[in-house]
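Predicted, not measured: the structure shown is a model, and the values here were computed from it. One-based numbering, in listed order, for ligands and for the atoms of each. Here, residue 1 is the first one in the sequence, and each next residue gets the next number.
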Amino acid sequence: MKNRQTIRPVVKRALCTGCGTCAGVCPRAAIEMVVQKDRYVPRLDKSRCIQCGLCFDACPGHRVDFDDMSTDLFGDIPQDVALGRYLGCYVGHAVDPQVRYNGASGGLVSALLAFALEEGLIDGALVTRMRDEDPLRPEAWLARTRSGILAAAGSKYCPVPAGTALAQILNSEGRFAVVGLPCHIQGLRKAEQCIPRLREQIRYRISLACSLNYSFRGTERFLAGCGVSPAAVDVLQYRGRGWPGSMLIRLRDGTEHTIPLAEYYRELRPYSLRRCTLCSDMLGELSDLTCGDAWLPDLAQTDHQGSSFAVTRTDAAEELLELAAAKQVVELSDLGLDQLLASQGHALFKKRKLSARLELFRLARRSVPTYQQTLLPPTRADYLHSLKLYAARYALAGNHRILRRLFRSARRPRPAAPPAPVPPTEALSRR
Ligand SMILES: Cc1cc2nc3c(=O)[nH]c(=O)nc-3n(C[C@H](O)[C@H](O)[C@H](O)COP(=O)(O)OP(=O)(O)OC[C@H]3O[C@@H](n4cnc5c(N)ncnc54)[C@H](O)[C@@H]3O)c2cc1C
């Protein structure tokens with residue numbers, strides 16, 4: 001078991017996703033996730049490390065064998081290149097108006113978790129909330145109450161080392177749900193391959209759809225543009241307050257600002273995390289259940305409270321949705337596969353663009369992750385898009401003031417803000 005590879009080369013080759021799985025599974029608690037520049041990276045305490053190799057084996061940063069894992073988990077390789085394995089596609093939301101209004105896109109995930117807990121299907125759920133003492137930084141934790149689950153609702157558009165909380169699961173008895181981005185779920189599945197007990201402990205793996213995530217610098221620069229110093233922030237919620245929802249910034253002096261999603265998301269976009277641009281998995285293909293915004297043309301016009309799409313990949317997820325719908329905790333209707341994929345155009349784009357990005361990285365002699373799965377051949381537009389993306393990152397994220405100004409002035413004017421949602425009673429008193 002000794003002298004095996006540690007997480008260090010992954011970090012050195014800039015392949016770390018910051019998911020925190022390595023820290024969560026380390027048997028000697030030798031790894032801590034620390035903020036470096038604008039994201040989380042693992043810091044290894046050599047004096048504690050026994051070089052067992054678990055951190056490297058569970059790491060999704062350097063390699064994910066999607067096809068082998070799919071065969072192992074689901075019995076075959078995925079039917080659909082963009083979506084992965086699926087049993088059913090649905091659109092729906094929480095029935096409780098408060099849960100729906102406070103969720104990112106209809107509170108489906110939080111409603112399902114709270115239901116599973118109350119029905120005794122799970123003993124807790126690994127979720128992510130913003131820290132009370134440092135409201136711009138997230139923390140993953142094991143919620144064991146309905147209120148704990150609901151307090152963690154809403155998307156966090158910043159680096160989240162959710163895998164760190166796997167240590168809490170490994171130190172507990174019982175069965176759990178884990179919510180995370182596709183990289184978190186990849187790490188979880190790899191960890192389960194290494195630790196069979198973990199596999200038995202996890203009843204539901206719920207992935208959020210994710211086209212890209214953004215650095216802390218993105219949020220900080222956005223706040224600076226609003227004239228807000230990070231030290232003045234008491235509460236930061238990226239989403240909630242109906243659909244598409246808004247960012248809530250509550251300052252220590254009690255002042256509140258709400259900024260529509262469309263407005264701040266545009267500003268975050270250039271601050272995508274470099275490693276996220278090398279990811280092939282927008283729809284959490286190794287999950288039991290994937291949920292994301294139901295960006296369907298009809299709903300986008302009429303739904304101001306929120307709806308998520310849901311893709312089930314396992315019987316466990318199908319049964320959970322069926323039970324929750326039967327007990328009127330969630331409302332669900334069938335969604336055609338074509339409708340789903342049309343609303344999530346990125347999913348297919350990712351499989352094509354990634355081929356272009358990998359080639360660009362190889363040309364620049366940079367390390368790339370290994371994915372064992374089908375990617376699609378890129379078009380010329382994919383190469384151009386990728387070059388533009390990296391040029392924008394270089395201009396905006398670095399210290400290149402002139403380039404930054406040029407890039408900002410070349411950007412299109414902002415779209416009109418989406419219509420304001422109607423808040424149900426007490427909707428804003430989440431905390
Ligand atoms: C970085 C990011 C990118 C996304 N990109 C897309 C996209 O391209 N297309 C799309 O359709 N949907 C995307 N989503 C998903 C979408 O924003 C909603 O989270 C999803 O629709 C579920 O909404 P809900 O109301 O059902 O969940 P909620 O009831 O709001 O519950 C969300 C759950 O996810 C957990 N969570 C939130 N943020 C994170 C995070 N960063 N890491 C780990 N756990 C987290 C929360 O703790 C909570 O348990 C993204 C989400 C994130 C965080």
Side-chain angles (χ1 to χ4, degrees), residues 17-20 40 90-94 96 98-117 124-130 137-143 148-165 177-185 187-188 204-215 218-219 237-245 261 265 268-269 271-273 276 279 281-284 287 289-296 299-300 305-311 330 332 340-341 343-347 349-350 430:
T17 66
C19 71
Y40 280 100
Y90 308 91
V91 57
H93 55 79
D96 181 328
Q98 199 73 50
V99 176
R100 186 175 183 190
Y101 187 77
N102 287 339
S105 55
L108 188 62
V109 171
S110 299
L112 289 170
L113 294 175
F115 172 74
L117 185 75
L126 192 165
V127 291
T128 298
R129 62 186 174 191
M130 302 309 280
R137 298 280 187 258
E139 67 180 343
W141 65 302
L142 204 50
I149 287 170
L150 298 185
S155 300
K156 281 86 188 168
Y157 295 120
C158 63
V160 171
T164 53
V178 172
V179 184
L181 299 176
C183 54
H184 298 131
I185 303 299
L188 172 63
Y204 306 113
R205 299 143 196 92
I206 302 183
S207 180
L208 307 178
C210 179
S211 48
L212 283 171
N213 199 1
Y214 306 94
S215 70
T219 301
Q237 293 166 0
Y238 286 90
R239 283 191 77 175
R241 291 157 294 287
W243 195 56
L261 171 76
Y265 207 76
L268 291 186
R269 213 175 267 276
Y271 296 97
S272 55
L273 291 162
C276 294
C279 172
D281 183 17
M282 176 177 171
L283 294 176
S287 70
L289 172 69
T290 299
C291 294
D293 282 272
W295 298 123
L296 299 161
L299 288 181
Q305 301 301 319
S307 295
S308 296
F309 73 79
V311 174
V330 300
L332 291 173
L340 169 70
L341 289 178
S343 76
Q344 295 290 329
H346 294 299
F349 286 179
K350 251 195 172 185
R430 256 218 294 169

**Item:** Mutual orientation of the aromatic rings belonging to Tyr265 and Tyr157 [parallel < 30°, tilted 30-60°, perpendicular > 60°]
**Value:** perpendicular

**Message:** Evaluate Gly180 for polar contact with ligand 1, using N/O atom pairs at a separation under 3.5 Å.
**Reply:** no

**Message:** Quick check: Ser308 and ligand 1, any N/O pair under 3.5 Å apart?
**Reply:** yes

**Message:** Suppose I only count heavy atoms of Gly106 and a 4.0 Å limit; which atoms of ligand 1 are within that range?
**Reply:** 25 (O)

**Prompt:** Hey, is Arg239 one of the residues with a heavy atom under 4.0 angstrom from ligand 1?
**Reply:** yes

**Request:** Using distance alone, determine whether Leu212 and ligand 1 share an N or O pair under 3.5 Å.
**Result:** no

**Message:** Using a 4.0 Å cut-off to any heavy atom of Ser110, which atoms of ligand 1 qualify?
**Reply:** 28 (P), 29 (O), 31 (O)

**Request:** With the side chain counted from C-beta on, respond yes when Gln305 and His93 share a heavy-atom pair under 4.5 Å apart, and no when they do not.
**Result:** no

**Item:** Heavy-atom closest pair, residues Leu268 and Gly218
**Value:** CD2-C, 3.5 Å

**Asked** So is Met282 close enough to ligand 1, meaning a heavy atom under 4.0 angstrom away?
**Response** yes

**Asked** Can you find a pair of side-chain heavy atoms, one from Val109 and one from Val127, that are under 4.5 Å apart?
**Response** no

**Message:** I'd like to know if the side chain of His184 and the backbone of Val178 have a donor-acceptor N/O pair within less than 3.5 Å.
**Reply:** no

**Message:** Within the structure provided, determine whether Asn102 and Leu150 are in side-chain contact (heavy-atom separation under 4.5 Å).
**Reply:** no

**Gln344 neighbourhood, listing ligand 1 atoms whose heavy-atom distance to it stays under 4.0 Å** = 9 (N), 10 (C), 11 (O)

**Fill in**
Among Gly306, Ser207, Ala209, the residue with a heavy atom nearest to atom 15 (C) of ligand 1 is Ala209

**Asked** Which of the atoms of ligand 1 are close to Asn213, meaning less than 4.0 Å from one of its heavy atoms?
**Response** 1 (C)

**Request:** Could you tell me whether Gly103 and ligand 1 have an N or O pair separated by under 3.5 Å?
**Result:** no

**Prompt:** At under 4.0 Å between heavy atoms, which part of Val160 makes contact with ligand 1: side chain, backbone, both or neither?
**Reply:** side chain

**Asked** Are the side chains of Cys183 and Leu181 in touch, meaning some heavy atoms are under 4.5 Å apart?
**Response** yes

**Asked** Taking C-beta and beyond as the side chain, do Ser215 and Tyr271 meet within less than 4.5 Å on heavy atoms?
**Response** yes

**Prompt:** Do any nitrogen or oxygen atoms of Lys156 lie less than 3.5 angstrom from nitrogen or oxygen atoms of ligand 1?
**Reply:** yes

**Prompt:** Going by distance only, is there an N or O of Cys291 that falls short of 3.5 Å from an N or O of ligand 1?
**Reply:** no

**Asked** Is any N or O atom of Cys158, backbone or side chain, closer than 3.5 Å to an N or O atom of ligand 1?
**Response** no

**Asked** Can you list the atoms of ligand 1 that are under 4.0 Å from a heavy atom of Leu108?
**Response** 24 (P), 25 (O), 26 (O)

**Prompt:** Who's closest to atom 45 (C) of ligand 1 heavy-atom-wise, of Val179, Leu208, Val109?
**Reply:** Leu208

**Asked** Quick check: does any side chain N or O of Arg239 sit under 3.5 Å from a backbone N or O of Gln237, one acting as donor and the other as acceptor?
**Response** no

**Message:** Counting C-beta onward and ignoring hydrogens, is there a side-chain heavy-atom pair between Phe309 and Thr290 closer than 4.5 Å?
**Reply:** yes

**Asked** Does Trp295 reach the side chain of Ser105, with side-chain heavy atoms less than 4.5 Å apart?
**Response** no

**Min N/O separation Arg129 to ligand 1 under 3.5 Å** = no

**Request:** Please examine the side chains of Leu113 and Tyr204, heavy atoms only from C-beta on, and report whether any two atoms are closer than 4.5 Å.
**Result:** no

**Prompt:** Looking at Gly292, which atoms of ligand 1 are within less than 4.0 Å of one of its heavy atoms?
**Reply:** 11 (O), 12 (N), 20 (C), 21 (O)

